[in-house]
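One structure is given here, and the rest of the page talks about it.
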Amino acid sequence: MSDQTLPQAPETSGKSLSVQTPTAGLTRRKLLGTAGATGLVVGTAGGAAGYAAAPEQATPLSSIGSGQEMFHVKHQPGITQGLQARGHLVAFDLAAGAGRREAAALLRRWSETARRLMAGEPAKDDDTDVARDAGPSSLTITFGFGHSFFARTGLGKQRPVSLDPLPDFSSDQLDTSRSNGDLWVQIGANDALVAFHALRAIQKDAGRAAKVRWQMNGFNRTPGATAHPTTARNLMGQIDGTRNPKPTEADFAKRIFVPESGSESESGSGSNDPAWMANGSYAVVRRIRMLLDDWEQLSAHAQEQVIGRRKSDGAPLTGGTETTEMDLEKTDANGDLVVPVNAHARITRPDQNGGAAMLRRPFSYHDGIDADGVPDAGLLFVCWQADPLRGFVTVQRKLDRGDALSKYIRHESSGLFAVPGGAAEGEYVGQRLLEG
């Protein structure tokens, strides 16, 4: 759909930061037997994370369960990996009376559970067996802290300036009960039962320390479901994610991750983030309702004018293929711009926003039909950046001033979370904050 705000990471695999080994000729019997015997299956490249807009190789369906992502990594899992078929986003509030000590114990439990489940092992205590017989299925579990967490735990001096509340936008119709939260957990996997198993384990681990504030469930196309590799489509039918930043770009890390202490930030100055956020990122989470009944009344041509790209293959209206550079100055026989001035893809381009960029990695959602008889469906938008003010806020302000797509979407909930770097061996996520 969009080049910058609604698009996402590719849905099939290319290169990966995770450990993957080819498993040619792997049968289901062999796969499940190996997973059961060792609790660990190192999967095919199909289980790996992809970054290219049109990855080189699709994932064979028979290998989906074997994909494994590592828990103890530099950046938390669930950020640079390719799109996953099933996801759960859930926010927690600390229970009354719970503080820093209870939060530390909770993050320790959560980290151990994440490590075990991502390796294809059962939960440590009272496993539900929901994922029995399945491989890891590229499961990732990611943890973050909301603005309110720091006051609740007496860590106000450690709260990053970048975690200041997002400004109001004209398209916002936010439900505060489904926004923000002390703690945030993102779960993704290429199998629905594996993802649900992780969700239940995380909820059970919360015990009396925290209670669920809100939960949202999403999905993407299963890797390998298409005849050839392709960038994902959203529920509007648009190819979505063409211009997502790629790790092969020289400035990728500067835009997406908080630098280590003493490193240079994107602006060229030292990072203003606290040391505990080194190698971390900031996640903006928005539940974006798509007004599908209105959208689907438009002709395909009208939809393409709203977006600025062809619906069939994602190519810019100025011609070429999906990855062809858009010619913003090209006009038609009448002298009108081929890509309208208010087209979503034009407005969201980094070169139209001072270079602002973010890594979008969302899930679609469908929560049935609402009281008015219209689909409650859209995008669970998740984007990652080193600085939300220079990433999401910059682009969303531009969209607020005249995006043609705004007539067909509605932002219904919002959250901003500080996601620290990955936990080293023997550590838990957030340990440098909670025990620093």
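Small disclaimer: the values here were computed from a predicted structure and weren't measured.
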Basic-acidic side-chain contact under 4.0 Å: [X], [Y]:
X: D172; Y: R286; result: yes
X: E435; Y: R100; result: no
X: R109; Y: D205; result: no

Do [X] and [Y] have their ring centres less than 6.0 Å from each other?
X: H411; Y: F169; result: no
X: F143; Y: W184; result: no
X: W214; Y: F92; result: no

**Item:** Intermediate values then yes/no, salt bridge (charged side-chain N to carboxylate O under 4.0 Å, His left out), D367 and R287
**Value:** CA-CA 12 Å; D367 290 340; R287 186 179 190 273; 2.9 Å; yes

**Message:** Tell me if the NZ atom of K204 is crowded by more than 12 foreign heavy atoms within 6.0 Å.
**Reply:** yes

**Request:** Take the angle between the ring planes of F257 and H75 and call it parallel below 30°, perpendicular above 60°, tilted in between.
**Result:** parallel

**Request:** Go through R86 and D191 one step at a time and tell me if the salt bridge (charged side-chain N to carboxylate O under 4.0 Å, His left out) criterion holds.
**Result:** CA-CA 6 Å; R86 187 65 177 173; D191 178 77; over 6 Å; no

**Message:** Keeping R178 on the side-chain end and Q215 on the backbone end, is there a donor-acceptor pair under 3.5 Å?
**Reply:** no

**Message:** For A189 versus Q84, what's the shortest heavy-atom pair and its separation?
**Reply:** O-CB, 3.5 Å

